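Down below is the structure, laid out as structure tokens.
Nothing here was measured: the structure is a model prediction, and the numbers come from that model. Below, chain A is the first sequence line, B the second, and so on; all start at residue 1.
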Amino acid sequence: MRIPRAGSSPEQEAMLLLHQCNTLDHLRQVQALILKSSLHRHPFLLAKFLRRCFSLPSPEALPYGLSLFHHHPNPDGFLCNTAIAAHLRAGRPAESLRLFRHMQRLAITVDSFGVSLAVQGGAGCRDARAGCVLHGQAAKRGFSADVFVQTALVEMYAKTGGISMARQLFDEMPRRDLVAHNVMLGEYVSCGEIAAARKLFEEMPSRDLVSWNTMIHGLAVSGDLAGAREIFERSRERDVISWSSMISGYARRRLPGEALELFREMQVAGVSPDKVTMASLLSAAGDLGALATGRMIHDYVNKNRMEMDVKLDTSLLDMYAKCGDIESSLVVFERMNERDVFAWSAMIAGLANHGRAEYALELFSEMLSQGVEPNGSTFVGVLSACNHAGLVSRGRAYFNSMAGVHGIAPTIEHYGCLVDLLGRAGHLHEAREVIMAMPVEPDAVLWRALLGACRVHKNLELAREAAIELVKMEPWVEGHYVLFSNVLAQASRWDGVAGVRRTMKESGIKKVPGSSSVEVDGVVYAFIAGDRSHPRSEEIYAMLDEMNWSTGKKLTGDVAGAVEDDDFSGWSNESELAS
DNA sequence: ATAGGGTTAG
């Protein structure tokens, strides 16, 4: 910290020093100076001090500044606005509203900036009532032509469910600047009105990166990746957000290859990825089961000292779990200092998929005892853990606790787990009852689970019912016919087996070989049953025989080739350089 | 004042 020069007034010294404060420590030193010079009543200085406090990145600076603010004997409107804005930035809209009301009670003059902040607070808490009251006040105070106030109102109405009211207000604005357009565009995207967003986007008098990126993201989340890509290609300027929006769009739509390919192009274009890009890439790598790729992304994050957060950690632990490295997944999870419902759910599902049901359920109780509320996805993991471990009564209990304790309506995924759990355990009729009584339409997965259970527990009658439903829903899936004919063969109903074969032949259904894939040394190999295309297939089958896993089936169909997973040209070089 | 990321049955 610079020592104040002698000769200038203490006020000037303090003001100068404030500008140089980059940490809370620095601010505390200046505060000591202010107190020593009895300047703590100096309104302008204190306001400057608090503004500096509120703008520091340190998480302790905000409460520190607020506590000082609350001791201020007579704060003016300007200072109050600063504090309200600080609450908004900290993601505490309710507090910002509270402070605004407090300010009104003290009869402090409210300017248009204060009103616009309060309206943002109302939008943040989805408080339509507060929003309407503020709208009235804004009109009374003559802020009907203020762009900031009107833009905030547009956002508030959209976020509290009144998108058409928002549009009406937007249209009535005497002057609509670029930000107002972008807000309207973003709100259309948020409420899923992608056609309206597109129309507005095309009609806008001018567009900036925010407009383009909002549109790319909107189209991508609406599932229209081709449309998103079109806008992406049309945009002249592309920043890390444009690329990340496109990449996450592919990753979310389970097109991990496209996501990784676009990342390669992003590097060629010379745009540096950040932690948000990394999170999407990890999810793509997990989808592919590409452990080497996942590790490379992890290394990149470490080497570039990217700041970790819950989202990045969750995608990291999920990647490791999906790639079979559950130990690394647990290491990440245990290292995390903040765990939200997403992190817990991902870890629980990962353990469940690795057959570690007991540990998964243990984590679930730990999550509850820490006061983290589960959501629907959490229960998918919990039920799937019960399923893998054959824990029927506990599974039932967890299922019932969803609605009973946590107020979560089970969806088709949960019913799927339950039916599978009951069916595998031999409770075929109970499984069928669940399907019949559920408030949602059964899908093929449910009937397929029941049919599979019927095969294991040899129930021809129920199998027939399930098979009929399956063929009604998905007549093109050859697996359904094959599975049912297996049940028939088991019961020595050879006439039936022949009948199924005939039906398949008549409807032109062929058995397509399914394939699996595994990554070895960064190369993903796809293979089919009986595949002998690998140069060392003799060794592989010898090992399978040794492990008694070989089905003994003969080679069928064509051979799927190896897919290169390791073609990140320049990746390792760049991370070396950047480290 | 406005834009991007993580979990989800078989």
field: Near-strand residues of residues 235-250 of chain A, defined as heavy-atom separation under 4.0 angstrom from DNA chain B
entry: A/D239, A/V240, A/I241, A/S244, A/S245, A/S248
message: The side chain of A/I412 is closest to which nucleotide in this list: B/dA3, B/dG6, B/dA9?
response: B/dA9
field: Length of the line joining A/I216:CD1 and B/dA3:P, which is rounded to integer Å
entry: 15 Å
- request: Would you kindly give the CG-to-C1' distance between A/L351 and B/dT8, to the nearest whole Å?
  value: 15 Å
field: Rounded distance in Å - CD1 (A/I194) to P (B/dA3)
entry: 15 Å
field: A/L317 versus A/S329, closest heavy-atom pair with distance
entry: O-OG, 2.8 Å
field: Per A/K311 side chain, nearest of listed nucleotides B/dT2, B/dG6, B/dA9
entry: B/dG6
- prompt: A/N304 and A/D274: side-chain donor and acceptor closer than 3.5 Å?
  reply: no
task: Please determine, for the side chain of A/R252, which listed nucleotide (B/dG6, B/dT8, B/dA9) has the closest atom?
output: B/dG6
Within the 6.0 Å centroid threshold, strictly below: A/Y398 and A/F364: yes
- request: Quick one: label A/V276 by what it contacts on the DNA or RNA (base, sugar-phosphate, nothing), any heavy atom closer than 4.0 Å.
  value: base
query: Of all the nucleotides listed (B/dG5, B/dA3, B/dG6), which has the minimum atom distance to the side chain of A/T214?
result: B/dA3
- prompt: Should the ring pair A/F113 and A/F148 be called parallel, tilted or perpendicular, given that the plane angle runs from 0 to 90° and is split at 30 and 60?
  reply: perpendicular
field: N or O in side chain of A/H217 less than 4.0 angstrom from B/dA3 OP1/OP2
entry: no
message: Determine whether a donor-acceptor pair (one donor, one acceptor, N or O, separation below 3.5 Å) exists between the side chain of A/D443 and the base of B/dA9.
response: yes
- request: Enumerate the residues from residues 317-325 of chain A whose closest heavy atom to DNA chain B is under 4.0 Å, giving them by residue number; use none for an empty result.
  value: A/D318, A/K322
message: For the base of B/dA9 and the side-chain ring of A/Y415, does the geometry meet a stacking cutoff of under 5.5 Å between centres and under 30° between planes?
response: no
message: For a quick check of understanding: with a heavy-atom distance under 4.0 Å over all strands, which category does A/V183 fall into, base, sugar-phosphate or nothing?
response: sugar-phosphate
query: Salt bridge or not for A/E230 and A/R234, using N-O below 4.0 Å?
result: no
task: Check whether the side chain of A/D340 and the base of B/dG6 form a donor-acceptor pair under 3.5 Å.
output: yes
Nearest-angstrom distance from the residue atom CG of A/D420 to P of B/dT8: 17 Å
message: If the cut-off is 4.0 Å, is A/R448 near the phosphate of B/dA9, judged by side-chain N/O to OP1 or OP2?
response: no
query: What integer distance in Å separates A/H388:NE2 from B/dT8:P?
result: 12 Å
message: Quiz question: by atom type and distance under 3.5 Å, do the side chains of A/R295 and A/Y300 form a donor-acceptor pair?
response: no
- prompt: Going by distance alone, is a donor N or O of one side chain under 3.5 Å from an acceptor N or O of the other, for A/Y359 and A/H354?
  reply: no
message: Students often get this wrong, so: under 4.0 angstrom with heavy atoms, is A/R339 touching a base, only sugar-phosphate, or nothing?
response: nothing
query: In whole angstroms, how far is the C1' atom of B/dG4 from the CE atom of A/M278?
result: 13 Å
message: Could you check whether A/R167 pairs with A/E172 (Lys NZ or Arg NE/NH1/NH2 to Asp/Glu carboxylate O, under 4.0 Å)?
response: no
- request: Rounded to the nearest angstrom, tell me the gap between atom CG in A/N353 and atom P in B/dT7.
  value: 13 Å
message: Looking at A/D274 and B/dG4, is any side-chain donor or acceptor paired with a base atom of the opposite kind under 3.5 Å?
response: yes
query: For A/V310, which contact category applies under a 4.0 Å heavy-atom criterion: base, sugar-phosphate, or nothing?
result: base
query: What nucleic acid atoms does A/L312 come within less than 4.0 Å of, heavy atoms only: base, sugar-phosphate, or nothing?
result: base
query: When the distance from CH2 of A/W212 to C1' of B/dG4 is rounded to whole Å, what number comes out?
result: 17 Å
task: Would you indicate what A/D146 reaches in the nucleic acid, counting non-hydrogen atoms under 4.0 angstrom: base, sugar-phosphate, or nothing?
output: nothing
field: Carboxylate-amine/guanidinium proximity below 4.0 Å for A/R396 and A/E430
entry: yes
- prompt: B/dG5, B/dT7, B/dA9: which one has an atom nearest the side-chain heavy atoms of A/F342?
  reply: B/dT7
message: When you compare the side chains of A/N375 and A/T378, does any donor N or O come within less than 3.5 Å of an acceptor on the partner?
response: yes
- line: The ring pair (Phe, Tyr, Trp, His ring centres under 6.0 Å) partner of A/W212 among A/W243, A/F201, A/F232 is A/F201
